[in-house]
Amino acid sequence: MSLRKATQSLLRPAWGVLRCSDSVLSRSYAALAEARAVLEQELDSIRAAGTWKAERIITSKQGPQINVDGGRGGILNFCANNYLGLSSHPEVVQAGIEALKSHGAGLSSVRFICGTQDLHKHLEQKLAEFHEREDCILYASCFDANAGLFEVLLSPDDAVLSDELNHASIIDGIRLCRAKRLRYKHMDLSDLEKKLQESQSSRMRLIVTDGVFSMDGDVAPLRGICDLAEQYGAMVFIDECHATGFLGTRGRGTDELLGVMDRVHIVNSTLGKALGGAAGGYTVGPKPLIDLLRQRSRPYLFSNALPPPVVGSAIRAVELLLASNEIAQSMTAKTMSFRNNMTQAGFTIAGTSHPICPVMLGDARLASVMADDMLKLGIYVIGFSYPVVPKGKARIRVQISAAHTEEDIDQCVDAFIQTGRKHGVIS
C-alpha cells in the first residue's frame with residue numbers, strides 16, 4: 001500500500017467523526033433557534049396584550065421616598081410591602097450591621113449541617129412568642145414555607161380545602177402533596193361547608209386560606225371558617241404575609257383582628273414585608289409539626305440558612321413590635337384617608353379597610369400607561385394585570401405605609417385625579 005493510501009485510510013475514521021460532530025452541532029443550533037423563536041413569539045404576545053412587566057431601577061434605600069434611575073429624586077413610593085416603614089428603620093439597619101460584623105455574611109450551609117446560629121434560634125423564639133404559638137421554623141421565603149408544609153403534613157388519607165383565590169405559593173405547595181384536594185369559592189362559607197361534608201371520610205382535613213388576599217385587600221372570614229372547622233373536626237391554616245405586624249390591636253395579624261388566635265392552628269408568614277422587608281419566611285404552630293418539618297420539609301433541608309444580617313434585622317423588627325403597637329396603629333387613619341378621598345373623586349377601590357388599596361381599572365394597557373404617567377408626577381405605583389390578577393381585573397395596587405405622611409397621601413390622590421381625568425377614568 002502506498003503512503004498516500006495508508007494516510008487516507010488512517011484519516012477516514014477521523015473525518016467521519018468530525019462530520020458526525022458537525023451534524024450534532026447543527027441539530028443543537030437548530031433546536032436552540034427553534035426554542036428562541038417560540039420564546040420571542042410568546043414575549044411578543046405579552047407586549048401586544050399590554051401586560052409586559054418592566055422593572056424600574058431604584059437607586060436608593062426602600063422607603064416612602066425613593067430615587068428611580070432616569071427620573072428625578074424624591075419619588076413618593078406607594079407600592080411597596082413596607083407596611084410599617086421598617087425596611088430602612090435606623091435600629092433595624094443597625095441590627096443588621098452588627099449581625100454582619102459578629103456572625104458574618106452567610107453560613108454556606110443548610111441548617112442541619114452547619115448552618116444554625118444562635119441568631120436563628122433567637123428569631124424563631126421571638127416569632128413564636130409574637131404569634132403566641134409553640135414553635136417556629138425559618139425558611140428562605142414564605143413561598144418556600146408554603147412549598148414545604150403540605151407535603152409533610154398531609155398524606156393520601158387526608159384532604160386539603162383551599163380558597164380558590166389563594167396565593168400562587170399555596171397553590172403550588174398543595175400540588176406537591178398527595179392529599180385529596182378540594183377548592184371552595186372565594187370566601188364562601190356555604191361552599192366550604194359542602195366541601196367539608198364531601199371530605200368527611202378523610203383522616204385529617206386542613207382548611208387553607210390567605211388571611212388577607214393581596215390583590216384585593218379583602219380579609220378572610222376567619223370566625224366563620226373556625227366555626228366550620230370545629231363543627232367538622234378540621235384544622236385551620238392561614239397565610240399572613242399581608243397581615244403580620246399591622247393587623248389587630250397589637251399587629252399580630254388577621255387571627256388577632258378577628259379574635260381567633262386560639263382557633264387557628266398553623267400560620268405561615270414572611271419577614272419580607274412588614275418585618276423589615278429583607279427576606280425569609282416561617283411557619284409557626286404546634287411543636288410536633290415544627291419538629292417534623294425540620295426532618296422532612298425539602299425547602300428547609302435543601303436551602304441555605306438565612307444570612308445573619310437578615311436575621312439580625314428581623315429580630316430587631318419583631319422586638320420593636322413586641323414592645324409597642326404604636327407603629328401598627330398609625331396606619332388605620334392614613335389608609336381610610338386615602339380610600340375615602342379616592343372614592344369621593346370617583347375611583348373604584350376594592351377591599352374595605354386594608355392598606356392594600358386596589359384602584360380598579362379593568363384594562364391592562366390602561367393600568368400600565370396610567371402607572372407610567374403617575375411616575376412622571378412623582379408617584380411610584382405599578383399596574384397589575386393578567387396573570388397576576390384575572391383577565392379584565394387590571395388595577396393599580398396602592399399600598400399605604402405607616403411612614404407616609406398626610407401630605408404624601410394628598411399628593412398621591414391629586415396625581416390620581418389628574419391622571420384619571422386625562423385617561424377618562426373619572427370626569
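Source: prediction; values computed, not measured. Heavy atoms only: backbone and side chains are in, while hydrogens, waters and symmetry mates are out.
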Short side-chain donor-acceptor distance under 3.5 Å, Asn67 and Thr59: no
Heavy atoms of other groups near Lys393 NZ, more than 12 under 6.0 Å: no
Check: Gly280 main-chain N/O paired with Thr270 side-chain donor or acceptor under 3.5 Å: yes
Pair Asp408, Thr405: side-chain N/O donor-acceptor within cut-off below 3.5 Å: yes
Main-chain N/O of Phe143 paired with Ser169 side-chain donor or acceptor, under 3.5 Å: no
Qualifying salt bridge (Lys or Arg N to Asp or Glu O under 4.0 Å) pairs with a residue from residues 185-204, counting only residues at least two apart or across chains: Asp158-Arg203, Asp191-Lys195
Gln399 and Tyr83: CA distance, side-chain angles, deciding distance, side chain to side chain donor-acceptor pair (under 3.5 Å) verdict: CA-CA 8 Å; Gln399 288 166 278; Tyr83 291 109; 3.1 Å; yes
Test log, rule salt bridge (Lys or Arg N to Asp or Glu O under 4.0 Å), inputs Asp157 and Lys180: CA-CA 8 Å; Asp157 297 325; Lys180 182 180 180 181; over 6 Å; no
Step-by-step side-chain contact (heavy atoms from CB on, under 4.5 Å) determination, Leu127 to Glu124: CA-CA 5 Å; Leu127 288 168; Glu124 287 170 339; 5.8 Å; no
Report, one line per pair, each donor and acceptor closer than 3.5 Å where one atom sits in a side chain of residues 205-224; sequence neighbours left out.
| unit_1 | atom_1 | unit_2 | atom_2 | d |
| --- | --- | --- | --- | --- |
| Arg205 | NH1 | Leu196 | O | 2.5 |
| Arg205 | NH2 | Tyr232 | O | 2.2 |
| Asp210 | OD2 | His167 | N | 3.0 |
| Asp216 | OD1 | Arg395 | NH1 | 3.2 |
| Asp216 | OD1 | Arg395 | NH2 | 3.3 |
| Asp218 | OD2 | His186 | NE2 | 2.9 |
| Arg223 | NE | Leu258 | O | 2.9 |

Modelled atom types, side-chain donor and acceptor of Arg111 and Thr116, under 3.5 Å: yes
Over all atoms of both residues, closest heavy-atom pair of Asn77 and Cys79: OD1-N, 3.2 Å
Heavy-atom donor-acceptor pair, Asn166 side chain to Ser162 backbone, under 3.5 Å: no
Neighbour count above 12 (heavy atom, 6.0 Å) for Arg36 CZ: no
Heavy-atom side-chain contact between Leu320 and His89 under 4.5 Å: yes
Residue Gln197 excluded, over 12 heavy atoms near CD under 6.0 Å: yes
Side-chain donor or acceptor of His120 paired with backbone N/O of Gln117 under 3.5 Å: yes
Salt bridge (Lys or Arg N to Asp or Glu O under 4.0 Å) contacts in which one or both residues fall within residues 337-366, not counting sequence neighbours: none
Parallel, tilted or perpendicular: ring planes of Phe78 versus Phe338, cut at 30 and 60 degrees: parallel
Rounded distance (nearest 0.5 Å) linking atom CG of Leu154 with atom SG of Cys177: 5.0 Å
Nearest heavy-atom neighbours spanning Ile66 and Ser60: CA-OG, 3.3 Å
Test applied, side chain to side chain contact (heavy atoms under 4.5 Å, CB included); reference residue, Ile238; option that passes from Ile266, Val260, Ile225, Val264: Val264
Residue pair Ala279 / Val310: nearest heavy atoms and the distance that separates them: O-CG1, 3.4 Å
Where Ile170 and Phe150 come nearest, the two heavy atoms and their spacing: O-CE1, 4.1 Å
Those residues that, when tested against Glu256, pass salt bridge (charged side-chain N to carboxylate O under 4.0 Å, His left out) (two or more places apart): Arg250
Donor-acceptor under 3.5 Å (Ser88 side chain, Gln62 main chain): yes
Ionic contact status for Arg183 with Asp163, cut-off 4.0 Å: no
For Lys287, salt bridge (charged side-chain N to carboxylate O under 4.0 Å, His left out) partners two or more places apart: Asp291
Asp135: partners by salt bridge (charged side-chain N to carboxylate O under 4.0 Å, His left out), with sequence neighbours left out: none
Neighbour count >12 (heavy atoms, 6.0 Å) for atom CD, Glu42: no
Pairing of Arg316 and Glu319 as salt bridge, 4.0 angstrom limit: yes
Main-chain N/O of Arg133 paired with His131 side-chain donor or acceptor, under 3.5 Å: no
Audit row: Val152, Gln295, side-chain contact (heavy atoms from CB on, under 4.5 Å) steps and yes/no: CA-CA 9 Å; Val152 173; Gln295 300 302 312; over 6 Å; no
Sidechain-backbone polar pair: Ser401 side chain, Ala403 backbone, donor-acceptor under 3.5 Å: yes
Side-chain (Ser313) to main-chain (Val92) donor-acceptor, under 3.5 angstrom: yes
Crowding at CD, Glu406 (>12 non-hydrogen neighbours, <6.0 Å): yes
Polar side-chain atom of Ser202 near backbone of Ser199 as donor-acceptor pair, under 3.5 Å: yes
N/O donor-acceptor pair under 3.5 Å between Glu240 side chain and Thr254 backbone: yes
Note: Asp118-Lys121 ion pair, threshold 4.0 Å (strictly below): no
With Asn268, the side chain to side chain donor-acceptor pair (under 3.5 Å) member among Asn146, Asp239, Asp144: Asn146
Nearest atoms (heavy-atom pairs only) where Ala145 meets Thr283: CB-OG1, 4.0 Å
No-hydrogen, no-angle side-chain donor-acceptor test under 3.5 Å, Tyr300 and Arg294: yes
Nearest heavy atoms of Ala99 and Leu119, plus distance in Å: CB-CD1, 4.0 Å
Between His423 and Asp373: side-chain donor-acceptor atoms closer than 3.5 Å: yes
